[in-house]
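Taking it in order: structure first as structure tokens, then the write-up.
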Amino acid sequence: MFTDLETTFEYLCARLEHVSPRAELYLQSERIVAIERLKKERNAVVLGHNYMEPALYQTVCDFKGDSLQLARLSAETDADVIVFCGVRFMAETAKILNPTKTVLVPSERAGCSLAASITAQDVRDLRARYPGVPVVTYVNTYADVKAESDICCTSSNALKVIESLNCDRILFLPDEYFARNVARASSKEFIIATRDPASLLKKEDSIEKVLIGWPGKCEVHERFTVDDILGVRKQFPDVIILAHPECSPEVVMASNFSGSTSEMIRFVKEQEAANYLLLTECSMADNIIAENPEKDLLRLCSIRCPHMAQITLEMTQKALELNRYAIEVPEDIRLRAKRAIDRMLEIR
Ligand code: 13P
Ligand code: SF4
């Protein structure tokens, strides 16, 4: 569809003129046409997370979605090259599921504060402190941490994953707020473990149904507050507020809906209301507006994920031209991490 510069430019102007100036859209159109040519030459597919900037998200992404959808899609493609327009842990998941394919992430700096918050040694230490307690790790972790886990989960399947274990005590790592939200929804108590082995053993001992969490935080979602919500509701009393479950439980409880990025997009599409506020990465609101021009999303967002923001059309073009940055996962780690991911993917 985006093989011709003129029609690509027209398409971008129609969808994104309210977001970017025409001169920038023209430059982006040139890059889009170049990326489409490179995709054909290399038999490549582009997967794009819902947080991608609008010009990239609306054009070169062959598949778009939340972490779970993209993990499933990456397991199904027959392309030789997967360019993962998202952050490193997502590209790693694609590589774990596709060891013989080239998997590229367009920036070396696309990390994640949650993935950086815990190490494989931390998980081994927790297992030693809580013998026999199953370990669930959020997909926002690196391959070596997944390799120490029993099963992975994402923001869209965490409850089903917990239920599948049928256990009273579960280690749920590493996002503290997400774990608190899941504990509330699954009628379990929550306690937090730390690197200090003396932490909270006594309290944990007295609780029957419990999620044992870790103090990891998303550096984007931890910044939303209940005061933000109250301020917006005062100004726009009928606003519908959506919060990602990486926000604090107080923020989630003060919102109208909480779900994965794709669940939030679906919710806005299906509702009749006029005004929405998304408490998540800013680009998502721009992408929803581009696809649903009749909806009024309050553009009060000022928090971009610095890691997702590394991924641009320019970097994506360079990734295909220079074959960078190729993801590699040592085979012993890959096989163990794959077990935890496969077990999650089996749950429908
Ligand atoms: P989703 O799985 O909901 O897309 O979330 C990924 C993420 O990193 C949110 O910050
Ligand atoms: Fe990680 Fe938060 Fe960025 Fe998502 S928004 S990739 S959880 S830092």
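Keep in mind that the numbers below use all heavy atoms, side chains included, and drop hydrogens, waters and symmetry copies.
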Salt bridge [X]-[Y], side-chain N to carboxylate O under 4.0 Å:
X: R195; Y: D122; value: yes
X: R127; Y: D150; value: yes
X: E246; Y: K217; value: no
X: R22; Y: E17; value: yes
X: K39; Y: E36; value: yes
X: K318; Y: E321; value: no
X: E270; Y: R266; value: no

Taking side chain as C-beta onward, heavy atoms only, is [X] less than 4.5 Å from [Y]?
X: V135; Y: Y130; answer: no
X: I151; Y: P134; answer: no
X: E219; Y: P306; answer: yes
X: L230; Y: R233; answer: no
X: I327; Y: F84; answer: no
X: I162; Y: F172; answer: yes
X: F9; Y: L25; answer: yes
X: P215; Y: S117; answer: no

Can you confirm whether the side chains of [X] and [Y] place a donor and an acceptor under 3.5 Å from each other?
X: S248; Y: E250; value: yes
X: T225; Y: D228; value: yes
X: H244; Y: E281; value: no
X: S262; Y: S260; value: no

| query | What do the steps show when you test M315 against T312 for side chain to side chain contact (heavy atoms under 4.5 Å, CB included), and what is the final call? | reply | CA-CA 5 Å; M315 297 298 269; T312 59; 3.2 Å; yes
Connected via hydrophobic side-chain network under 4.5 Å: [X] and [Y]:
X: L322; Y: L313; answer: no
X: L159; Y: L68; answer: yes
X: I341; Y: I347; answer: yes
X: V139; Y: Y177; answer: no
X: F63; Y: L104; answer: yes

| request: In sequence, state the C-alpha distance, the side-chain angles, and the governing distance for I170 and K188, and then conclude on side chain to side chain contact (heavy atoms under 4.5 Å, CB included). | output: CA-CA 10 Å; I170 295 171; K188 284 188 171 15; 4.2 Å; yes
Okay, side chain of [X], backbone of [Y]: is any donor-acceptor separation there less than 3.5 Å?
X: E92; Y: A143; result: yes
X: K295; Y: V268; result: yes
X: K146; Y: T137; result: no
X: N157; Y: T154; result: yes
X: W214; Y: V123; result: no
X: T77; Y: L73; result: no
X: R334; Y: I96; result: yes
X: R88; Y: E108; result: no
X: D175; Y: C218; result: no
X: S258; Y: V252; result: no

Which atom pair, heavy atoms only, marks the closest approach of [X] to [Y]?
X: S74; Y: L47; answer: CB-CD1, 3.7 Å
X: P249; Y: N181; answer: CA-OD1, 3.1 Å
X: V220; Y: R304; answer: CG2-O, 4.2 Å
X: V105; Y: G86; answer: CG2-O, 3.8 Å
X: Y142; Y: C112; answer: OH-N, 3.8 Å
X: A179; Y: F190; answer: CB-CE1, 3.4 Å

[atom2] on [Y] to [atom1] on [X], rounded to 0.5 Å:
X: L173; Y: N140; atom1: CG; atom2: CG; value: 12.5 Å
X: F257; Y: L278; atom1: CZ; atom2: CG; value: 11.0 Å
X: L345; Y: K338; atom1: CG; atom2: NZ; value: 8.5 Å
X: R184; Y: L211; atom1: CZ; atom2: CG; value: 12.5 Å
X: I207; Y: E189; atom1: CD1; atom2: CD; value: 4.5 Å
X: C152; Y: R343; atom1: SG; atom2: CZ; value: 10.5 Å

Does [atom1] in [X] sit with more than 12 non-hydrogen atoms of other residues, nucleotides or ligands closer than 6.0 Å?
X: E41; atom1: CD; result: yes
X: N166; atom1: CG; result: no
X: R124; atom1: CZ; result: yes
X: D78; atom1: CG; result: no

| task | Check the angle between the aromatic planes of F178 and Y138 and answer parallel, tilted or perpendicular using the 30° and 60° thresholds. | result | tilted
| side chain to side chain contact (heavy atoms under 4.5 Å, CB included) assessment of S255 paired with I229 | CA-CA 8 Å; S255 304; I229 294 181; 3.7 Å; yes
| said: Please determine whether side chain to side chain contact (heavy atoms under 4.5 Å, CB included) holds for the pair I288 and Y276, giving the CA-CA distance in whole Å, both sets of side-chain angles, and the decisive distance to 0.1 Å. | reply: CA-CA 11 Å; I288 295 180; Y276 300 85; over 6 Å; no
Side chains of residues 51-60: which donor-acceptor partners sit under 3.5 Å, not counting sequence neighbours?
{"unit_1": "Y51", "atom_1": "OH", "unit_2": "H221", "atom_2": "NE2", "d": "3.4"}
{"unit_1": "Y51", "atom_1": "OH", "unit_2": "T280", "atom_2": "OG1", "d": "2.6"}
{"unit_1": "Y57", "atom_1": "OH", "unit_2": "N50", "atom_2": "OD1", "d": "2.7"}
{"unit_1": "Q58", "atom_1": "OE1", "unit_2": "R15", "atom_2": "NH1", "d": "2.8"}
{"unit_1": "Q58", "atom_1": "NE2", "unit_2": "N287", "atom_2": "OD1", "d": "3.3"}
{"unit_1": "T59", "atom_1": "OG1", "unit_2": "A55", "atom_2": "O", "d": "2.6"}
{"unit_1": "T59", "atom_1": "OG1", "unit_2": "L56", "atom_2": "O", "d": "3.4"}

